[in-house]
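The sequence lines fix the lettering, A, B, ..., with proteins before strands; numbering per chain opens at 1.
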Amino acid sequence: MTIQINNVLTRQKSPFVPVEENKLKIYVCGVTVYGRCHVGHLRCYLSFDAILRYFAHKGFDINYCRNFTDIDDKIIARAREIEAGKDGQWTQNAAYADYDDTQWQERFAEDEIIRKRAESSERHLAEIVSDYFIDIFTNEDFGPFDLYPATSEPRVSQHIPEVIDLIQKIIDNGFAYESGGDVYFDVAAYHAKTGAYGKLSGRDFTQLMEGARVTPGDKKRNAPDFALWKSAAPNEPTWTSPWGQGRPGWHIECSAMSDKELGTPFDIHGGGKDLIFPHHENEIAQSEAGLGHAFCNTWMHNGFVTVDGVKMSKSLGNFITIQEALKMAPPEVWRTVVLSTHYASPIDFSRTRKENEGEEAVRGTIDIAFDRLEYFYETLKRADEAVGEEAIADTAKLLDDDRGTKITDTFESMMNDDFNTARAMASIGDSMKYVNELCDMKAKAIKKLDGGRDSWRLTLQTAATELRKVLGVLNICNQSPSAALASMRDFSARQKGIDTEKVNGLMAERAAARAEKNWARSDEIRDELLTLGVELRDGVSGSDWKVIRS
RNA sequence: GGCGCCGUCGCCAAGUGGUAAGGCAGAGGUCUGCAAAACCUCCAUCACCAGUUCGAAUCUGGUCGGCGCCUCCA
């Protein structure tokens, strides 16, 4: 059974055929490091994480390249803002519109750190800025998420020779021109030769040419042309090139670095849907123009994270940063949220924020995922306890029910279909239900089974093992259930401001009341706990409690 | 304005020609001191209209509504 992927380039779902057998060469567009990441970035990298892990599970030897764009107008702009200082003259874009005092404080504290670092360095402030945010990306924003490690994380600033080399090839092939120190890609020339411009984004070349005019004074020949190399402006980081001092344009780094790290053509190029045009379209054009052969076979794009139906983006200022997200739920819950939706579909968070009076109370995406994850862990815990420590007799045989043995097969068939993690999660949920069903069996019924208790235990053990295997591929439920449940409860208690000491005191008091069969007092305490936001769970081996979410 | 995507149960969300996965919420039940949890049962014909087809949520055309890209964007 092969993996079917919806290829944006061909607009078809087709079997994945790697360039080299059993190898996956994949490039996922990284971030431009000028600020902290938000949930949109998180969604992207978590979506591709599941895809990467599934390829690894299928035995692929993975070469995964995820770049850092560390030379860019916005990085330079941030450097200028820092230079100007808190009270200096700089234009605030929409991203700052909703900033409150705390955010401004954090912002200026961050600026201060960067400024300090710059003082003890010979390097350009913009380079300090990008270094700083690469560090934040790696350690603070994505550190807690345990992403599948990239084979390489190239930075443009360290690949200037490769960039220059590629630009030169494009010029030599007649698809780029120098103009006043800049170098532009000649979209018209490229399209005349190949007819290929617009093949990824479905844009019509003629309309692109008509659509926009070249403004007077522009160094471009035609509107769709884009810069491969930008000549130096005052106070910018620059490098020496055959066309003078300057720096790379936006798209060229991905072309140069993917060719270097993966070789071309490579298998999969991924990123957010918003990169399709112009970024990826231009990447294809310049790469194929320079290299003279195909660039990448399969293009995959993840859907947006939206807020009230509108795309989350820095320029709109409607984003939830990853740091804020981590206060809302632990990393594993966020992963569960992302996995519950197909990678190409949007994820909307409006319901988690919109709690208007009169609106039907609906539980938020995060709370549902939180409870779902707890359900998974609770089920695994039950299974572990049911199986126990003692050895299972050799005479044990699996019960005649394939629900416990086809877990991996079902999972793979879901994942093979364009990495449908939503269906995979649903099938895991079905298996969890089956495990609970087994755990609910009465001792009498278990005895009557063919092979008795040992067969029952063997079946449970097999199902739990398979479940852990597929959950491991999705990189959730990897911890010991008890530890995970305890930390999730702590998280919720802290978040809701629940006094754990007080709850434990009430629990003890209730246990005493129950021992005396003082049901009235016992129920009274239950109600009291309920008002605290705590739900009781009485079991055979004593009572436990859980924080009610939402 | 151009190009493109989407509209599936109260909410979320799979499903791209063969007769609607799953989750949340809701109803009933088993279990329980009573509950909770767990498990069982029930709960949609797919925005609207017309067409193609033996057969459509899935294809075509139109209408209405939402969004995205076209400037930076995961």
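With A:Asn302 contributing its side chain and A:Gly272 its backbone, the two residues share a donor-acceptor pair below 3.5 Å. Proximity of a side-chain donor or acceptor of A:Asn318 to a complementary backbone N or O of A:Ser313 within less than 3.5 Å is detected.
Listed in residue order, the members of residues 531-539 of chain A having a heavy atom less than 4.0 Å from RNA chain B are A:Glu535, A:Leu536, A:Arg537, A:Asp538. For the segment residues 506-521 of chain A, residues with any heavy atom less than 4.0 angstrom from an atom of RNA chain B are, sorted by number, A:Arg510, A:Arg514, A:Trp519.
Not one side-chain nitrogen or oxygen of A:Asn420 sits closer than 4.0 Å to the OP1 or OP2 atom of B:A14. Look at A:Tyr375 and you won't find any side-chain N or O under 4.0 angstrom from OP1 or OP2 of B:G22. Between A:Lys314 and the phosphate of B:A74, there is no side-chain N or O to OP1/OP2 separation shorter than 4.0 Å.
Side-chain atoms of A:Ser340 stay outside donor-acceptor range of the base of B:G23, with no qualifying N/O pair under 3.5 Å. Contact of A:Arg526 with B:A35 (side chain to base): a donor-acceptor pair of N or O atoms is detected under 3.5 Å.
Within the nucleic acid shown, A:Thr341 comes within 4.0 Å of sugar-phosphate atoms alone, with no base atom in reach, counting heavy atoms only. Within the 4.0 angstrom heavy-atom criterion, no nucleotide atom of any strand lies near A:Gly35. A:Asn436 comes within 4.0 angstrom of sugar-phosphate atoms only, judged by non-hydrogen atoms across all strands, and of no base. Contacts of A:Met312 with the nucleic acid, taken as non-hydrogen atoms under 4.0 Å apart, include base atoms. Base contact: A:Ser522 has a heavy atom under 4.0 Å from a base atom. Across all strands shown, A:His279 has no heavy atoms under 4.0 Å from either base or sugar-phosphate atoms.
Put simply, NZ on A:Lys442 is 11 Å from C1' on B:C39, counting in whole angstrom units. One atom, CG of A:Leu42, and another, C1' of B:A74, lie 10 Å apart when rounded to the nearest Å.
Ring geometry for A:His301 against A:Trp299 counts as parallel: the plane angle stays under 30°, on a 0 to 90° scale with 60° as the upper cut. Note on ring orientation: taking the six-membered ring where Trp is involved, the planes of A:Phe137 and A:Phe142 are tilted (angle from 30° to 60°). Taking the six-membered ring for Trp and thresholds of 30 and 60 degrees, A:Tyr148 and A:Tyr64 have ring planes inclined between 30 and 60 degrees apart. Between A:His279 and A:His251, the angle of the ring planes lies from 30° to 60°, which puts this pair in the tilted group.
For the P atom pair drawn from B:G29 and B:A37, the interatomic distance equals 16 Å after rounding to whole Å. Nucleotides B:G66 and B:U30, compared at atom C1', are 45 Å apart to the nearest Å. Nucleotides B:U8 and B:A57, compared at atom C1', are 7 Å apart to the nearest Å. Taking the C1' atoms as reference points, B:C46 lies 10 Å from B:G7, given to the whole Å.
Mapping A:Asp204 and A:His251 onto RNA chain B by nearest heavy atom places A:Asp204 at the nucleotide closer to the 5' end. Each of A:Asp430 and A:Tyr343 was matched to the nucleotide of RNA chain B holding its nearest heavy atom; the match closer to the 5' end belongs to A:Tyr343.
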Would you tabulate the pairs of protein nitrogen or oxygen atoms and nucleotide nitrogen or oxygen atoms of nucleotides 64-68 of chain B closer than 3.5 angstrom?
{"from": "B:G68", "atom 1": "OP1", "to": "A:Lys311", "atom 2": "N", "distance (Å)": "3.4"}

I'd like a list of close polar pairs between nucleotides 56-59 of chain B and the protein, N/O only, cut-off under 3.5 Å.
none

Under 3.5 Å, which N/O atoms of the protein pair with N/O atoms of nucleotides 16-20 of chain B?
none

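For A:Asp440, whose side chain is taken as the heavy atoms from C-beta onward, the closest listed nucleotide among B:A38, B:C24, B:G33 is B:A38. Listed nucleotides B:C34, B:A14, B:C39 differ in distance to A:Asp523; the shortest reach to its side chain belongs to B:C34. Distance from the side chain of A:Pro278 is smallest for B:C70 among the nucleotides B:C70, B:A74, B:G23. The side chain of A:Thr32 lies closest to B:A74 when the candidates are B:A74, B:C40, B:A21.
Partner of A:Tyr184 under the side-chain contact (heavy atoms from CB on, under 4.5 Å) criterion, chosen from A:Lys230, A:Lys220, A:Arg221: A:Lys220.
Here A:Asp440 pairs with A:Arg382 in a salt bridge; the nearest charged N to carboxylate O distance falls below 4.0 Å. Salt-bridge annotation for A:Lys546 and A:Glu374: present, with a side-chain N of the basic residue lying under 4.0 Å from a carboxylate O of the acidic one. A salt bridge between A:Glu281 and A:Arg203 is absent, with no side-chain N of the basic residue lying under 4.0 Å from a carboxylate O of the acidic one. The pair A:Asp523-A:Arg514 does not count as a salt bridge, with every side-chain nitrogen at least 4.0 angstrom from each carboxylate oxygen. The pair A:Lys406-A:Asp401 does not count as a salt bridge, with every side-chain nitrogen at least 4.0 angstrom from each carboxylate oxygen.
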A:Phe319/A:His38 under ring pair (Phe, Tyr, Trp, His ring centres under 6.0 Å): CA gap, chis, key distance, verdict: CA-CA 6 Å; A:Phe319 56 90; A:His38 57 65; 5.7 Å; yes
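Nucleotide B:U16 forms a pair with no other nucleotide shown, judged by Watson-Crick or G-U wobble geometry with both contacts under 3.5 Å.
Partners of A:Phe266 according to the ring pair (Phe, Tyr, Trp, His ring centres under 6.0 Å) rule, which considers only residues two or more places apart in sequence or in another chain, are A:His269, A:Phe295.
Atoms OG1 and CZ, on A:Thr341 and A:Arg43 in that order, are 6.5 Å from each other to the nearest 0.5 Å.
The environment of A:Lys447 atom NZ is sparse: at most 12 non-hydrogen atoms of other residues, nucleotides or ligands sit within 6.0 angstrom.
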